[in-house]
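All ligand and atom numbering here is 1-based and tracks the order in the structure. Keep in mind it's a predicted model, so treat the numbers as computed, not measured.
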Amino acid sequence: MESSVQEARQSIREEVRRLCQDFPDTYWQDVDKHEKYPQEFVDALTTSGYLAALIPEEYGGAGLGITEASIILEEINRSGGNGAVCHAQMYTMGTLLRHGSDEQKRRYLPAIAQGKLRLQAFAVTEPNAGSETTRIETRAVLKGDRYFVTGQKIFISRAHYSDLMLLLARTTPYEELKDKTQGLSVFLVDMREVKKGLEIQPLDIMVNHHTTTCFFEDMEVPVENRLGDEGKGFRYIIDGWNAERILVASESIGDGRWFVDRASKYATNRVVFGRPIGANQGIQFPISKAYAHVEAADLMRFTAASKFDRGEKCGAEANMAKLLASEAAWEAADVCMSTYGGYGFARDYDVERKFRETRLLVAAPVSNNMVLAFLGQNVLGMPKSY
Ligand SMILES: Cc1cc2nc3c(=O)[nH]c(=O)nc-3n(C[C@H](O)[C@H](O)[C@H](O)COP(=O)(O)OP(=O)(O)OC[C@H]3O[C@@H](n4cnc5c(N)ncnc54)[C@H](O)[C@@H]3O)c2cc1C
């Protein structure tokens with residue numbers, strides 16, 4: 001690879017690292033303890049331009065690739081922070097870029113790039129559908145020039161901290177479809193303009209993720225807020241999955257490196273029975289092994305990201321990166337917890353917070369079972385379980 005590209009990426013890494021230094025452990029501890037939204041951090045990331053990494057330059061963004069976006073999220077998590085507080089803007093950007101009209105892009109992208117408009121909510125999951133997205137029931141019925149949306153979404157993160165919501169809803173009843181992947185449509189709902197029919201309730205979960213349940217009752221959405229063609233929404237959402245998996249992998253890698261750093265330092269400094277605990281192979285080897293697994297996952301992340309940025313098929317690599325990185329981070333988290341002994345449970349040390357946060361990445365935004373099913377069925381050609 002050209003050395004100028006490498007240097008540019010290294011300088012992004014260093015700049016994000018510097019930005020994150022203004023948000024030390026105590027900042028994230030406070031946010032977690034009081035279940036606050038880290039607005040100051042998100043503002044800093046917006047002002048620096050990094051949150052608009054994937055928005056093309058013509059719309060005021062940085063016009064960077066998924067490789068650079070993944071480095072940004074990795075560095076946030078590696079610093080002890082949590083990229084999940086704003087990563088949805090990066091995940092969802094592709095749907096708007098690929099399937100939005102010129103008019104929609106002109107209307108939304110410059111304002112998002114400037115931080116005047118927040119695109120942080122992505123509403124797919126439903127209580128009765130779960131991983132089977134083609135079974136979602138939230139209906140959008142077209143009457144005149146408006147859709148009327150009725151239904152319920154669950155686990156919708158940051159809906160209280162977003163102006164726009166990318167919403168997947170059913171426009172054709174399931175029973176009327178020959179092809180079950182059709183009949184769903186994507187809407188960019190401007191929640192500031194919703195007068196009635198939308199209720200958002202916080203969901204109490206084990207991580208500070210600002211997750212909600214959203215209830216829709218005849219919520220009006222103008223037809224011009226539909227992205228792309230009616231009925232093709234599932235395909236549009238799937239188009240974004242590779243980017244999402246690569247970005248989640250990068251957060252896991254950041255977490256994994258954070259755990260390995262903390263564990264190896266603690267093991268070197270903590271003296272029990274007259275020697276550093278890290279001199280004991282029962283402590284040292286698991287840290288070394290977790291380190292090796294994180295670094296191996298990182299190679300798959302960059303393979304997937306490079307292919308993505310070259311416009312090549314990367315489903316296998318993106319899924320493997322997500323699987324390997326989230327498992328490596330979770331292994332590193334567990335090892336770090338063991339290394340810290342009782343102190344791992346003390347909130348001041350941050351290990352338990354990161355432990356909770358990194359565990360989420362095994363299960364969401366896609367569970368590793370679904371990743372394994374993709375590899376088994378779509379890559380290796382084995383029989384389908386669904
Ligand atoms: C903190 C958090 C934030 C989230 N944020 C969002 C968000 O912003 N927007 C959004 O739309 N969703 C969000 N989600 C939802 C998340 O994407 C879903 O939880 C996930 O897709 C799985 O759906 P489910 O929980 O209903 O699990 P289910 O579908 O009920 O599955 C339960 C378990 O069974 C496994 N399973 C199911 N079928 C099979 C099979 N055929 N083979 C093997 N295993 C199977 C699953 O992999 C999973 O492990 C969030 C979830 C969490 C926890």
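- Shortest contact from atom 41 (N) of ligand 1 to any protein heavy atom: S385 OG, 3.1 Å.
- In this structure, atom 34 (O) of ligand 1 has its sub-4.0 angstrom surroundings free of protein heavy atoms.
- Between E126 and ligand 1, a contact under 3.5 Å exists for no N or O pair.
- At the top of the distance list for atom 50 (C) of ligand 1, counting protein heavy atoms only, stands F155 CB, 3.4 Å.
- Ranked by closest heavy atom to atom 15 (C) of ligand 1, the top entry among T92, T125, N368, L167 is T125.
- With a 4.5 Å cut-off on side-chain heavy atoms, L164 and L96 do not count as touching.
- Ranked by closest heavy atom to atom 20 (C) of ligand 1, the top entry among G376, A129, A363 is A363.
- Taking the six-membered ring where the residue is Trp, Y266 and Y340 present parallel rings, their angle staying beneath 30° rather than reaching 60°.
- Among all non-hydrogen protein atoms, the one lying nearest atom 44 (N) of ligand 1 is N369 ND2, 3.0 Å.
- Screening F259, Y349, W330 for a ring pair (Phe, Tyr, Trp, His ring centres under 6.0 Å) involving F355 leaves a single residue, W330.
- The shortest heavy-atom distance from V366 to ligand 1 is not under 4.0 Å.
- The protein heavy-atom contact nearest to atom 36 (N) of ligand 1 is M370 CE, 3.8 Å.
- Considering backbone and side-chain N/O atoms, R158 never comes within less than 3.5 Å of an N/O atom of ligand 1.
- Of the candidates P365, A364, S367, G130, it is P365 that places a heavy atom closest to atom 21 (O) of ligand 1.
- Protein heavy atom at the shortest distance from atom 27 (O) of ligand 1 is S131 OG, 4.0 Å.
- Residues K384 and N378 are in side-chain contact: their nearest non-hydrogen atoms beyond the backbone lie under 4.5 Å apart.
- The protein heavy atom nearest to atom 8 (O) of ligand 1 is S157 N, 3.0 Å.
- When atom types are taken as modelled, the side chain of T133 and the backbone of A129 share no donor-acceptor pair closer than 3.5 angstrom.
- At least one N or O atom of F122, backbone or side chain, sits closer than 3.5 Å to an N or O atom of ligand 1.
- In terms of modelled atom types and a separation under 3.5 Å, the side chain of E14 and the main chain of S11 share no donor-acceptor contact.
- Under 4.0 Å is where a charged nitrogen must lie from a carboxylate oxygen, and between D25 and R262 at least one such pair does.
- Closest of all the heavy-atom pairs between A62 and G49 is CB-O, 4.2 Å.
- Of all atoms in ligand 1, listed by their number and element, those nearer than 4.0 Å to a heavy atom of I205 are 1 (C).
- Judged by the 6.0 Å and 45° rule, R98 forms no cation-pi pair with Y236.
- In this structure, Y27 has its ring center no closer than 6.0 Å to that of F41.
- Remark: K153 fails to qualify as a cation-pi partner of F216 under the 6.0 Å distance and 45° angle criteria applied to the six-membered ring.
- The shortest heavy-atom distance from A373 to ligand 1 is not under 4.0 Å.
- Below 3.5 Å of separation, one finds no N or O of Y386 facing any N or O of ligand 1.
- Distance check for atom 30 (O) of ligand 1: every protein heavy atom is found at 4.0 Å or beyond.
- Of the protein's non-hydrogen atoms, L360 CD1, 3.6 Å is the one closest to atom 53 (C) of ligand 1.
- Between I246 and S70, the shortest heavy-atom contact is CG2-CB, 4.4 Å.
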